[in-house]
Every structure is written in structure tokens, then in C-alpha cells.
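Any value given below was found using the heavy atoms of this structure, including those in side chains, with hydrogens, waters and symmetry copies removed. Numbers here simply count residues along the sequence, with the first being 1. Note that the structure is a prediction, hence the values are computed from the model and not measured.
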Amino acid sequence: MAAVGRPRVLVLRALGLGDLLAAVPALRGIARAFPDHRRQLACPAPLAPLAHLTGAVDEVVDVRWVHAVGDVLPEAVHGADVAVNLHGAGPQSTAALAATRPRRLIAFGVGGARPYPTALHERERWCALLADHAIAADPDDLLLRAPPAMPPRVAPGATVVHPGAASPARRWPATRWAAVARAEEDAGRPAVLTGSAAERPLAEEVAQLAGLPPGRVLAGRTDVLGLGGVVAAAGRVVSGDTGVAHLAYALGRPTVTLFGPTPPEQWGPPGLERHVVLRGGEGAGDPHAAEPDPRLLAIDAADVVAALAGLSCARTGAGDAAVAVRQ
């Protein structure tokens, strides 16, 4: 229990895995700015172990999705000394946070802060909000230490293939994932398939198409720290624009990330040569659409296989992320 009278800073980020990891630089900036405060994060409870791994969070309160004006946050987050909206553009999330009656509210469009900037990268966006309130945060301060989880024996050095995504717009076809997994096997780089319990059938389909043994399917067999252990042990990670990609960025693993509706300039990896972005065109689409985005479908399995092969000789020093766009 927090000491009596200890001030409290509340951060709202009630979203998914990738969203949490994109907010790590801002969370650390807040922690440094309020070193004597108890640091409370409102986010989905399954992400709590990873949130604590950032070193910027003392307590997690289970909150999921703030969509509509009138949404009520739990009593446990009410009355904070400082409340910070890292959740969204508002006004829904800002109204929900203001209703908890914090002594100070930090949000876009509030207290002299700029309006929500749509053009910035997600990590930069929240650091910019803090900068408007004289709080320093470095968008590149995103790395995590490896989780204290023993990965399965098949994970060390393997290529993590993560075929799932939250919406159909960001899901590449299973047949293409299978071609990539098979090519990794043929190149002497064992492939393992990750995903949630709901994504296990997709992972099993990919494994079957690729001719992989059932033991390579890790989907549904790990919690968030277990998934982190798998990713930290991997030789490389290939996925769509989803939470596992951000986990790989945070753990410093080489990646190939397939982008479709969302521009990598807003959600892509940090500028390191170990990361390759593939996208079949420019512009932006609907990330929640019911069909795969054309920019995603324009990426061939051969493009991904070639990018993964290039990672084996990629340097790990600072530089620009490699971006390949098929027009």
C-alpha cells in the first residue's frame, strides 16, 4: 500500500500491447518528472507484468477502452494529484479523465497544450504533449530488459512468425506466412509461430501449410511475459503492424514488419538498421477495415523472405530503418 499522503500521478492508456509499448518513452518521462509520486497506470490488467518491466509504473488499474463521452473510470483512479491522458485524441478520454477530478490534468488541448497532432509518430506524439508541460521525454527511450521468463526450447535463435493482427485490414494471407516460414526452415533458421489463444487456429493453419511440427506453434501457450521471453530469445521477428512488432523493437530484436493501412512513419520501428519495413504503396487506409488493405496485399512472400535473409548480416548500431515500398 502507498504511504499515507504520498502524491499520485495517474496515466490513462487503456489500449493494447503495441499501444503500451509506444507509450514507454512518455511513461518514463512522467516517472522522471514526478519521482516522489506513486505512478498509477490505467490499462488492461493482462499487460501489467510488461508495464512493470518499464520501470515507470508502480500500480496497474484494469481499464479497457475509453470510447464514448460519459464513460466512467473506476474509483481507484479518482482524485489523482496529476492525471495524464496518453490514451487518445479526445474528447472522450479527456472527459473521462477530467471526471475523476485530478488536481492537475495533462491532455492535448488542455492547459495550453497543442491540439492532438495527427502527423507525428505515436512515440513522438506523447512526448510532444509532455513537452508542452515542460516535461522532458525521449521518443527513443523505448528499450526493455528481457523478461524473467524461460522461453520454450524451440525459441532461442528461431525466427518468430506472428501471422495474426487485431483487424482483417492488417492480416496478411496465411498462405504467404506459410511460404515465409517454409523458406526460413529451408535456410536453416527454424520458425516458431506466436499469437493469442484466439489466433491459435490461424497459427496451426500456417504451420500445417508450411510443414512445421505442432511443437513450433506457441500461439495461445504464453502470457505477455512468456511472449516477451520468446521474442527476446529469437533470432529475428517477422509480423504485421501489431503488438509483437513493438515488443521486438523494445527488446532490440531484428525485425521485418509488414505495413498496410497505417503509415510506418506513424507506427514504425525506431531508426536502427536491424529493422526493415515493407509496404506496398503509400497513403493511409482504414486500420479497422473488414478486408486486407491493398498496400499489405501488394507485399509478396518473396519480398519478406529476402528481407529476412538480409537481417542475418544487418548491423546493430544506430542508423536509419530500411524501408522498402513497392509502388
Check your understanding: Can you check side chain to side chain contact (heavy atoms under 4.5 Å, CB included) on Asp19 and Leu21, steps first, answer last?
Key -> CA-CA 5 Å; Asp19 304 284; Leu21 293 169; over 6 Å; no

Point to revise | Value rounded to 0.5 Å, distance of OG in Ser196 from CG in Leu17 | key: 11.0 Å

Review point. Ile106, Trp126: one ILVMFWY side-chain cluster at the under-4.5 Å cut-off?
Key: yes

Exercise for review: Say whether Ser167 and His288, considering side chains only, have a donor N or O and an acceptor N or O under 3.5 Å apart.
Suggested key: no

Review point. With the threshold set at 4.0 Å, does a side-chain nitrogen-carboxylate oxygen contact exist between Arg216 and Glu185?
Key: yes

Point to revise | From CG (Asp293) to CZ (Arg170), nearest 0.5 Å | key: 10.5 Å

Exercise for review: Determine whether Leu142 and Arg123 make a side-chain contact, defined as any pair of heavy atoms from C-beta on separated by less than 4.5 Å.
Suggested key: yes

Review point. Hey, does Asp58 have a side-chain heavy atom less than 4.5 Å from the side chain of Leu41?
Key: no

**Study point:** Nearest-0.5 Å distance that lies between atom NE2 in His246 and atom CG in Leu144
**Key:** 13.0 Å

Check your understanding: Are Tyr249 and Trp267 close enough that their ring centres sit under 6.0 Å apart?
Key -> no

Check your understanding: Are Val180 and Val256 linked, directly or through other ILVMFWY residues, by side chains that come within less than 4.5 angstrom of each other?
Key -> yes

Review point. Does some side-chain heavy atom of Glu124 sit less than 4.5 Å from a side-chain heavy atom of Pro139?
Key: yes

Practice item. Taking atom CZ of Arg104 as the centre, report whether more than 12 heavy atoms of other residues, nucleotides or ligands fall under 6.0 Å from it. Key: yes

Check your understanding: With the threshold set at 4.0 Å, does a side-chain nitrogen-carboxylate oxygen contact exist between Glu59 and Arg39?
Key -> no

**Study point:** Val60 and Cys43: CA distance, side-chain angles, deciding distance, side chain to side chain contact (heavy atoms under 4.5 Å, CB included) verdict
**Key:** CA-CA 7 Å; Val60 168; Cys43 79; 3.8 Å; yes

Practice item. Please lay out, stage by stage, how Val276 and Thr255 fare under the test side chain to side chain contact (heavy atoms under 4.5 Å, CB included). Key: CA-CA 6 Å; Val276 176; Thr255 65; over 6 Å; no

Review point. Is the shortest distance from a Lys or Arg side-chain nitrogen in Arg32 or Asp138 to a carboxylate oxygen in the other one below 4.0 Å?
Key: no

Review point. If you measure from the Lys or Arg side-chain nitrogens to the Asp or Glu carboxylate oxygens, is any gap between Arg200 and Glu204 under 4.0 Å?
Key: yes

